[in-house]
Amino acid sequence: MRIVLAAALGFTPAAAFAHDPDGANANTALTPPGLTNVMREPLVIDDGLEVIITDIQMGPGATLPRHYHPGEEFIYVLEGSATHRQDGQEDILLEAGDSYHIPPEAIHAPVTMDEGMRAVVFRVHVKGEPERILVDGNGDPVEDNPAGN
């Protein structure tokens, strides 16, 4: 529970171990833009599932490629805003303080606004499956899928 709370408050291992040799920013530790998995643990109640918690930081005007996840995704926006684009739905503006649930295999791609966005994503993930599957314009998985981790 403490790890989940720490992630929700913006603490990440990358931030905890940020190095400042001159000590000029002793109280400031920033996580670089991108996707940082802060936790990946199996669920005790189901051998086939695991939880993945990710700290997502996207700069202004950024987008992620269209993709889906084999499991459920829950997002909580900490800072900034993004438009959530999901196949078959109207675009949804997500702002700081908003939360959203993305069902399994829903094809989506966030697009940030002028200020960028930081969010914590909690996923109930199917063990052994790729974390995310990139898709082409038809919604078909991309053959060479570098996002599959």
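Fair warning: this is a prediction, and the values are worked out from it, not measured in the lab. This chain uses plain numbering: 1 for the first residue, then up along the sequence.
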Qualifying residues under side-chain hydrogen bond (donor to acceptor under 3.5 Å, both in side chains), relative to [X], sequence neighbours excluded:
X: His84; answer: Gln86
X: Glu41; answer: none
X: Glu105; answer: none

side-chain contact (heavy atoms from CB on, under 4.5 Å) with Leu49: which of Asp47, Ile45, Asp46, Val51? Asp46
Which heavy atom of [X] sits nearest to which heavy atom of [Y], and what is that distance?
X: His125; Y: Glu129; value: NE2-O, 2.9 Å
X: Val77; Y: Ala119; value: CA-CB, 4.0 Å
X: Tyr76; Y: Ser99; value: CD1-CB, 4.2 Å
X: Pro70; Y: Ile133; value: CD-CD1, 4.0 Å
X: Asp136; Y: Asn138; value: OD1-N, 2.9 Å
X: His108; Y: Ala106; value: ND1-O, 2.8 Å

If you define the side chain from C-beta out and look only at heavy atoms, does anything of [X] sit under 4.5 Å from [Y]?
X: Asn37; Y: Arg123; result: yes
X: Val38; Y: Val120; result: no
X: Ser81; Y: Met117; result: no
X: Arg66; Y: Asp87; result: yes
X: Leu35; Y: Arg132; result: yes

Sequence neighbours excluded, which residues qualify as ring pair (Phe, Tyr, Trp, His ring centres under 6.0 Å) partners of Tyr68? none
Linked, directly or transitively: Met58 and Tyr100 (ILVMFWY side chains, under 4.5 Å): yes
With a 4.5 Å cut-off on side-chain heavy-atom distances among I, L, V, M, F, W and Y, is there a chain of contacts connecting Phe74 to Ile52? no
Counting neighbours of CG on Asp114 that are heavy atoms of other residues, nucleotides or ligands and sit closer than 6.0 Å, is the number greater than 12? no
Residues, nucleotides or ligands: over 12 heavy atoms within 6.0 Å of Gln89 CD: yes
Under the salt bridge (charged side-chain N to carboxylate O under 4.0 Å, His left out) test, which residues partner Glu50, sequence neighbours left out? Arg40
Quick one: [atom1] on [X] to [atom2] on [Y], what's the gap to the nearest 0.5 Å?
X: Phe122; Y: Ile75; atom1: CZ; atom2: CD1; value: 14.0 Å
X: Asp91; Y: Arg85; atom1: CG; atom2: CZ; value: 5.0 Å
X: Met39; Y: Ile53; atom1: CE; atom2: CD1; value: 5.5 Å
X: Ile56; Y: Leu64; atom1: CD1; atom2: CG; value: 6.5 Å

Given a cutoff of under 4.5 Å between side-chain heavy atoms of I, L, V, M, F, W and Y, with clusters grown through shared members, what are the other residues clustered with Leu93? Met113
If we ignore hydrogens and angles and just use 3.5 Å, is the side chain of Thr112 paired with the main-chain N or O of Gly61 as donor and acceptor? yes
